[in-house]
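As the structure lists them, so they are numbered: ligands from 1, and atoms in each ligand from 1.
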Amino acid sequence: MRVIEGADVWIDGDLRRLDIVIDGEVIHGLVAPGTGPADAEKVDASGLVAIPGAVDVHVHTREPGYTHKEDLITCTRAAAAGGYTTIFGMPNLDPPTMTVGDLDDVLALYDAKSIVDFNHNPAAKLVGEIPGLAERGIAAYKIYMVVDTGRSYPHPSAIGVHDHGDLYEAMRAIAETGCRLMVHPHDQRIMDVVEQEYWAKGDRSPQAYGKTLAVDDGIIWDTATALLIRMAEATGCPLHIVHVQTTRQVEMLADARARGIDVTGEVNHWALFLGKMSDIDEQGSYVLSYYVPDHHREAVWEAMELGIVDMLSSDHAPHTREEKEIGWEDAWAAHTGTPGIQYQLPLMIDAWHDGMISFDRLVDLVSTAPAEVFGLERKGSLTPGNDADIALLDLDREWTITNDSVLSKIGWTPYDGRTVKGAVVRTLVRGTDVWVDGEVTGQPGHGALVKPGV
Ligand SMILES: [Zn+2]
């Protein structure tokens with residue numbers, strides 16, 4: 001037995017001074033201070049806040065295939081440092097995860113290497129594979145409606161789906177499985193038209209790339225989102241929209257939910273903390289992901305507070321400096337995506353201090369909601385009987401994010417030099433310390449597959 005003593009514990013929508021009694025991998029009880037078993041190992045958490053370990057359903061682990069960027073050990077070390085106790089990986093790997101065989105191979109890699117608990121979202125590209133993938137215990141499928149032009153990664157054509165008939169068939173098949181479909185909404189043909197206009201002018205700058213994807217107040221995102229919601233209504237396929245970043249996406253999510261359509265949405269760290277044009281001017285492709293104009297960012301923050309957006313996922317997307325540096329000459333050749341899993345929770349605590357989000361919404365967005373939406377019954381809350389997945393936070397510690405602190409293989413962060421108030425002091429996965437006071441203590445292979453409904 002272990003007892004975490006002295007923390008304020010987030011339970012039933014409130015912070016309470018309780019001790020957390022852990023029996024093996026499970027939360028045994030929450031007890032009055034000092035009343036835990038006398039012979040238990042004591043963990044002093046005085047002055048800290050305990051929240052359920054964060055759950056990130058959108059992580060680009062890069063293994064297999066792109067391990068020069070990241071691998072499952074480095075990725076899950078960063079996750080542990082960031083307070084994340086469960087991750088779902090993404091299928092844009094080599095080979096891309098499309099078949100049951102691909103999935104089995106990837107899950108075996110996690111089994112050997114992951115420090116935190118995991119699942120994996122295969123691509124819903126081959127309709128015939130969809131039932132078999134569900135039988136393996138996945139929680140979700142992924143579809144990219146985007147196919148890269150001018151580069152071969154991170155959205156290789158092998159797994160892109162934008163034909164409406166193909167989407168419709170996939171969603172009908174997924175509806176039979178009970179799993180949720182995560183989609184990167186995108187209108188490839190509008191993108192083609194707009195980017196060719198920039199290219200004709202000889203403008204391949206990071207600013208042009210950002211403006212292309214944000215053209216017409218977000219039409220590339222909005223048309224795809226409208227289509228997906230209509231298809232979810234028609235097919236009964238539970239839908240999860242990733243990269244929510246426009247006012248109209250927020251309106252569509254609220255409207256769909258009011259009409260009883262099963263659609264959820266996520267925001268990613270870059271939309272909140274990196275997406276300004278001034279960020280692009282300063283850091284170019286290093287902060288792209290996407291350009292998010294201010295009025296959209298404000299709408300997204302409000303939607304997170306109101307619960308219209310369900311969760312915050314990192315969309316952790318590490319690329320090397322070389323793969324980003326080329327963006328100064330040709331942003332279409334730079335690999336899109338930004339790393340973020342290590343710093344997202346501290347950035348959110350900092351935003352809470354600034355009044356951008358309430359604490360109960362913060363915990364819901366990073367832990368409780370993703371666990372609930374994807375059916376992880378033993379995650380997302382510190383209720384006795386659940387897995388002892390815990391993040392211990394120092395809400396008041398001020399520190400500066402630096403490239404030196406990066407645990408991801410790439411060794412850089414777009415947040416280098418940013419001072420935040422809020423730190424992850426200790427992370428436990430099923431009762432075992434994986435991050436303690438600045439050191440990763442979790443061992444590769446500690447992580448286990450977590451299936452929905454278990
Ligand atoms: Zn992504």
request  = For the residue pair Thr223 and Asp187, confirm or rule out a side-chain donor-acceptor distance under 3.5 Å.
outcome  =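 Yes - a donor-acceptor pair under 3.5 Å links their side chains.
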
Salt bridge or not between [X] and [Y]? Use side-chain N to carboxylate O under 4.0 Å.
X	Y	answer
Asp104	Arg136	yes
Asp71	Lys113	no
Asp389	Arg430	no

query = Is the closest side-chain heavy-atom distance between Tyr144 and Pro91 below 4.5 Å?
reply = yes

task = Please indicate how many protein N/O/S atoms are found closer than 2.8 Å to the Zn ion (ligand 1), with waters neither displayed nor included.
result =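 For the Zn ion (ligand 1), the figure is 3.
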
Could you go through residues 163-174 and list every donor-acceptor pair under 3.5 Å that involves a side-chain atom there, pairing it with any protein atom two or more places apart or in another chain?
from: Asp163; atom 1: OD1; to: Gly165; atom 2: N; distance (Å): 2.9
from: Asp163; atom 1: OD1; to: Asp166; atom 2: N; distance (Å): 2.9

